Engineer: 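What follows is a structure written as structure tokens; I'll ask about it next.
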Amino acid sequence: MLDRRFIRDHPDAVREAARAKGIDLDVDELLQTDKSVRNLQHELDDAQAERKSSARQFARADEARRAELRAGQAELDGRLRQLRDELAEASAQLQELMLRTPTIPWEGAPVGADESANVTIRTWGEPPSFDFEPLDHVELLEKRGWAEFARARKVAGERAYALRGDAVLLERALHSYAIDMLLNRDFTVISVPSLVKEEALIGTGQFPGHREETYAIPADDLYLAGTAEVALVGMHSGEILDKKQLPVRYAGISPCFRREIGSAGRDVRGLLRVHQFEKVEQFVICEADAAESDRWHAELLSTAEHLLQGLGLHYEVVETSTGDMGIGKYRMNDINTWFPSLNRFRETHSCSSLHDWQARRANLRYRDTDGTVRFAHTLNNTAIATPRLLAALVENDQAATGEIRVPEVLRPYLRQRELL
RNA sequence: GGUGGAGUCGCCUAGUGGCCGAGGGCGCACGCCUCGAAAGCGUGUGAGGGGGCAACCCCUCCGUGGGUUCAAAUCCCACCUCCACCGCCA
């Protein structure tokens, strides 16, 4: 969501942002609706003031005066009802438009319709070289008895999986490694609900745009969140934090659920795209300052890179284009990790700055040192999402025997074993 | 799942239809006093929207949404959340 005053003052910037992000939004309609909401509100205010003063006079009035007042009140009531209806309708229309209004993307974002316009800004490491024919993660996991696909799909359908044995320990080691790194950076570890209310999903911006991506539990009016960010924003929604509490830094842990409706039939093999996965998410609430926001963006990105560097995984960092970053993002950098079986990179991390777009939706504010109440900035980035990263790890670190060389950083979590 | 109780301005609390256009205390801020502080005294102390060059003014908000009434924090209904007990349960 944007500031209505900002939209009034900079309609061209909003128009340009919508165009760059490929969002269908009629800014003139938005401006007109905003104008009529304000006009109606003003009329209603005046009528309301009149009505209140009439009711106040009533108590002290004699019978004759009361009859007179009643007549005036009846007339006013009709007018009030009409104004309220008109205002409610205009407000609903405005809200609908506001929810579809994008953040203005940063000036460095490549302009383009989709991911083909993304730009690789750096790469780290080298693809591993093998003196044997490497297996893909599905073959490898099955060879080691580390995963069950057929049986899992028997109970849970397509894209289901079960991890077994050392694969589970390895997955847990990845999460522990990420959590410890974030703890060292003054993040607070927090496990959050995945089962969330609709308002939480509107607050983060998943709704109304990507409803079809989210599992719904209609019997209880709940949904399964695709990321811990939904609960983390929701938990602070409606709050006014003190400036001293900022920045809020969370390592949010949760199971994540995604319907993958837009990619039906793609990546159906293995662990690359599943409906249920485990994620440690980096999440920051900071003050509403572009430079501060930028610093945190760099910090979150750098932490994710450190994690991958520690694991010795080859990756690239991508500057995401306006058309690929989504409605609420100011800036987005994906990190794509190398998958030997695919002979290419696949997205394993996504680092996003939302500026105050999300905070406005969720009504998440803080009191600045001068006493002013402002909408905060929010940012998020993956720390570790498995099993996708687990798949990358086993593919990259496999030996000819099918054993896995454990990266040094994970050994403390695996009883110092060097090979699995 | 059942029964009972509760949700008021950061915190505690007053408030059972019009003097609530929300009172008091704590906390906080500023001032007086003081060498300085404490205590004491005084003043101030929420959010949103709108209008005005400005001092300032108007409207909305007492968990949320409806309803009754000329008038609702107060009465009625639904929902949300919390507490207690019973049942069930990892």
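Only a predicted model underlies this, so the values are computations on that prediction, with no experimental measurement involved. Sequence lines set the chain letters: A, B, ... in the order given, protein chains first and strands last, and positions in each chain run from 1.
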Engineer: Does anything in residues 401-420 of chain A pair up under salt bridge (charged side-chain N to carboxylate O under 4.0 Å, His left out), and if so which pairs, sequence neighbours excluded?
Structural biologist: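 Listed once each, the pairs are A/Asp166-A/Arg417.
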Engineer: Counting primed atoms plus P, OP1 and OP2 as sugar-phosphate and everything else as base, spell out the protein contacts along nucleotides 6-12 of chain B at 4.0 Å heavy-atom distance: B, S or - for each nucleotide, 5' to 3'.
Structural biologist: -------
Engineer: Among all residues two or more places apart in sequence or in another chain, which pass the side chain to side chain donor-acceptor pair (under 3.5 Å) test with A/Thr322?
Structural biologist: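 A/Thr322 satisfies side chain to side chain donor-acceptor pair (under 3.5 Å) with no other residue.
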Engineer: Among residues 42-55 of chain A, which ones have heavy-atom contacts with RNA chain B below 4.0 Å?
Structural biologist: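 Within this stretch, A/His42, A/Asp45, A/Gln48, A/Ala49, A/Arg51, A/Lys52, A/Ala55 sit under 4.0 Å of the strand.
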Engineer: Which residues pass the side chain to side chain donor-acceptor pair (under 3.5 Å) test with A/Gln82, sequence neighbours left out?
Structural biologist: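 Checked A/Gln82 against side chain to side chain donor-acceptor pair (under 3.5 Å); matches are A/Glu86.
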Engineer: For residues 96-107 of chain A, pull every pair meeting salt bridge (charged side-chain N to carboxylate O under 4.0 Å, His left out), keeping only residues two or more places apart or in separate chains.
Structural biologist: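 Applying salt bridge (charged side-chain N to carboxylate O under 4.0 Å, His left out) to every pair that reaches into residues 96-107 of chain A, excluding sequence neighbours, yields A/Glu96-A/Arg100.
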Engineer: With sequence neighbours excluded, tell me which residues meet side chain to side chain donor-acceptor pair (under 3.5 Å) with A/Ser194.
Structural biologist: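 None.
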Engineer: Filter on salt bridge (charged side-chain N to carboxylate O under 4.0 Å, His left out), then keep only pairs touching residues 323-339 of chain A, sequence neighbours left out; what's left?
Structural biologist: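 Every salt bridge (charged side-chain N to carboxylate O under 4.0 Å, His left out) pair that includes a residue of residues 323-339 of chain A, provided the two are not neighbours, is A/Glu319-A/Arg331.
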Engineer: Would you list the pairs meeting ring-ring contact (aromatic ring centres under 6.0 Å, His included) in which at least one residue belongs to residues 168-207 of chain A, sequence neighbours left out?
Structural biologist: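 Listed by first then second residue: A/Phe207-A/Tyr223.
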Engineer: Going by the salt bridge (charged side-chain N to carboxylate O under 4.0 Å, His left out) test, which pairs reach into residues 245-263 of chain A, not counting sequence neighbours?
Structural biologist: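 Checked against salt bridge (charged side-chain N to carboxylate O under 4.0 Å, His left out) - neighbours excluded - the pairs reaching residues 245-263 of chain A are A/Glu260-A/Arg273.
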Engineer: Enumerate all atom pairs, one protein N or O and one N or O from nucleotides 45-47 of chain B, separated by less than 3.5 Å.
Structural biologist:
from: B/A47; atom 1: OP1; to: A/Arg367; atom 2: NH1; distance (Å): 3.4
from: B/A47; atom 1: O3'; to: A/Arg365; atom 2: NH1; distance (Å): 3.0
from: B/A47; atom 1: O2'; to: A/Arg365; atom 2: NH1; distance (Å): 3.3

Engineer: Mind checking side chain to side chain donor-acceptor pair (under 3.5 Å) for A/Arg211 and listing every partner two or more places apart, or none if nothing turns up?
Structural biologist: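 If we apply the side chain to side chain donor-acceptor pair (under 3.5 Å) test to A/Arg211, skipping adjacent residues, the hits are A/Glu198.
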